[in-house]
Amino acid sequence: MLTTFAATIFLPLFPLSMALNLLLAKFRHPVAQFLLLLAWPQIGVLILNQTQALTPSWFVVWALFSSAFYALRMLTCRELERHAAYLASSSLALTWVLAEAGVGTPPLMAFAFWLSLPAALSMLIAGSLTRRFGAAYAGLSPGLGQALPRLSGVLAVVSLAAVATPPFPGFFVLLDLLARLQGLAVMAVLAIWLMWGWSATRMLQGFLAGESRHEGISDLAQGSTVIWSALLIVMAGAGLYLTGGVL
């Protein structure tokens with residue numbers, strides 16, 4: 001049981017989820033944050049694999065509470081970097097719902113990966129905005145849809161992937177999760193999912209809408225745009241592949 005509790009640090013459940021958020025705040029470089037978000041939940045899954053212990057059923061309640069707590073925090077968050085951290089904490093907590101259902105290690109790793117990857121990519125976008133404007137804060141730099149169309153396009157698509165919209169993999173892994181739940185648990189996950197989308201809409205509105213006040217700020221380079229586009233196309237293709245059977 002102690003090892004299972006240790007896994008709650010890496011598959012973050014509140015209040016132990018503060019460890020991940022503190023590390024993301026400490027590692028200021030976007031690449032370090034990106035790698036941390038990808039590796040952190042996989043460590044938790046590997047710990048669970050080593051213990052081979054049954055996850056207590058009350059962990060589902062804890063996981064849903066933790067996920068809803070961070071989803072609510074996302075609604076008031078205007079900083080893209082912190083928003084991505086809260087999203088990771090909210091989405092990765094749902095891994096425990098699958099663990100309690102007895103899902104094997106490879107599907108758990110896939111679930112954690114597909115939900116953490118878009119949040120990790122958001123960290124890279126936040127780094128690009130911070131280099132250009134000093135901070136990635138919604139409302140501080142409005143009108144980016146006109147001023148920086150390539151960067152804005154990548155930001156919008158990554159944000160849609162992060163909140164699990166189709167055809168990205170997060171949508172299909174969450175559908176699989178919902179198929180394993182019943183009653184109030186289904187309603188809780190749907191409410192959490194709704195809050196993710198609502199918070200992303202508010203975030204994008206703060207960045208993309210409004211009148212541009214920026215001159216002389218460089219847009220995303222064409223080469224970088226090609227790389228981002230290819231990555232997002234691969235993610236969308238992976239999502240369509242998952243329609244044939246998720247976990």
Side-chain angles (χ1 to χ4, degrees), residues 24 30-31 33-35 37-38 71 74-75 77-88 90-92 110-133 135-175 192-210 212 214 217-243 246:
L24 288 172
V31 175
Q33 295 171 325
F34 173 84
L35 295 175
L37 273 181
L38 291 184
M74 289 169 62
L75 291 174
C77 181
R78 305 289 286 171
E79 184 182 358
L80 181 59
E81 179 183 307
R82 184 164 301 191
H83 185 271
Y86 289 163
L87 175 61
S90 180
S91 59
L92 292 175
F111 183 88
F113 175 76
W114 289 122
L115 289 181
S116 62
L117 177 59
L121 292 174
S122 296
M123 291 292 186
L124 298 180
I125 298 295
S128 295
L129 291 170
T130 300
R131 286 194 300 272
R132 287 168 170 81
F133 304 106
Y137 195 89
L140 177 66
S141 308
L144 295 187
Q146 298 177 1
L148 307 176
R150 291 194 292 269
L151 181 57
S152 298
V154 171
L155 170 62
V157 178
V158 169
S159 297
L160 291 175
V163 297
T165 56
F168 295 103
F171 175 78
F172 299 103
V173 298
L174 282 182
L175 282 185
I192 290 166
W193 200 351
L194 176 63
M195 286 187 283
W196 292 354
W198 186 7
S199 67
T201 300
R202 288 166 53 86
M203 182 69 66
L204 288 176
Q205 184 180 25
F207 280 114
L208 306 185
S212 175
H214 311 288
I217 303 295
S218 61
D219 200 355
L220 196 65
Q222 290 187 356
S224 298
T225 305
V226 170
I227 294 173
W228 275 104
S229 300
L231 175 60
L232 293 170
I233 290 172
V234 169
M235 287 179 60
L240 293 174
Y241 174 78
L242 290 177
T243 60
V246 182

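Numbering of residues begins at 1 and proceeds along the displayed sequence. In this text the structure is predicted, and so the values were computed from the model without any measurement.
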Q. At what distance, to the nearest 0.5 angstrom, does CD1 of Ile192 lie from CE of Met74?
A. 11.0 Å

Q: Can you measure from SG (Cys77) to OH (Tyr137) and round to the nearest 0.5 angstrom?
A: 8.0 Å

Q | Nearest non-hydrogen partners of Gly206 and Arg78, listed with the distance | A | CA-NH2, 4.0 Å

Q | Minimum heavy-atom distance Ala156-Leu208, with the two atoms named | A | CB-CD1, 4.2 Å

**Q.** Minimum heavy-atom distance Asp219-Leu151, with the two atoms named
**A.** OD1-N, 3.0 Å

Q) Where do Ser91 and Phe111 come nearest, in terms of heavy atoms and distance? A) O-CE2, 4.3 Å

Q: Kindly compute the distance separating CD1 (Ile227) from CG (Leu220), expressed to the nearest 0.5 Å.
A: 9.0 Å

Q. For the atom pair OG1 (Thr130) and CD1 (Ile125), what is the distance rounded to the nearest 0.5 Å?
A. 11.0 Å

Q) So how far is it from Ser218 OG to Arg150 CZ, rounded to the nearest 0.5 Å? A) 9.0 Å

Q: Check whether any side-chain heavy atom of Leu204 sits under 4.5 Å from a side-chain heavy atom of Leu155, and report yes or no.
A: yes

Q: Would you list the pairs meeting side chain to side chain donor-acceptor pair (under 3.5 Å) in which at least one residue belongs to residues 193-210, sequence neighbours left out?
A: His83-Ser199, Ser90-Trp196

(Q) Checking the side chain of Thr165 only, and the main-chain atoms of Leu160 only, is there a donor and an acceptor separated by less than 3.5 Å? (A) yes

Q) Shortest non-hydrogen contact from Gly170 to Leu115? A) CA-CD2, 4.0 Å

Q | Any residue meeting side chain to side chain contact (heavy atoms under 4.5 Å, CB included) with Ile233, in chain and number order, not counting sequence neighbours | A | none

Q: Please examine the side chains of Leu80 and Phe207, heavy atoms only from C-beta on, and report whether any two atoms are closer than 4.5 Å.
A: yes

Q.
If I compare all heavy atoms of Ala162 with all of Ser122, which pair ends up nearest, and what's the gap?
A. CB-OG, 4.3 Å

Q | Identified side chain to side chain contact (heavy atoms under 4.5 Å, CB included) counterpart of Leu37 within the set Leu87, Leu121, Leu24 | A | Leu24

Q: Please check if the side chain of Ser159 supplies one atom and the backbone of Ala200 the other of a donor-acceptor pair under 3.5 Å.
A: no

**Q.** CG on Leu124 to CD on Glu81, rounded to 0.5 Å
**A.** 11.0 Å

Q: Using the side chain to side chain contact (heavy atoms under 4.5 Å, CB included) rule, take Phe171 and Val163 through it: C-alpha gap first, then chi angles, then the decisive distance, then the call.
A: CA-CA 8 Å; Phe171 175 78; Val163 297; over 6 Å; no

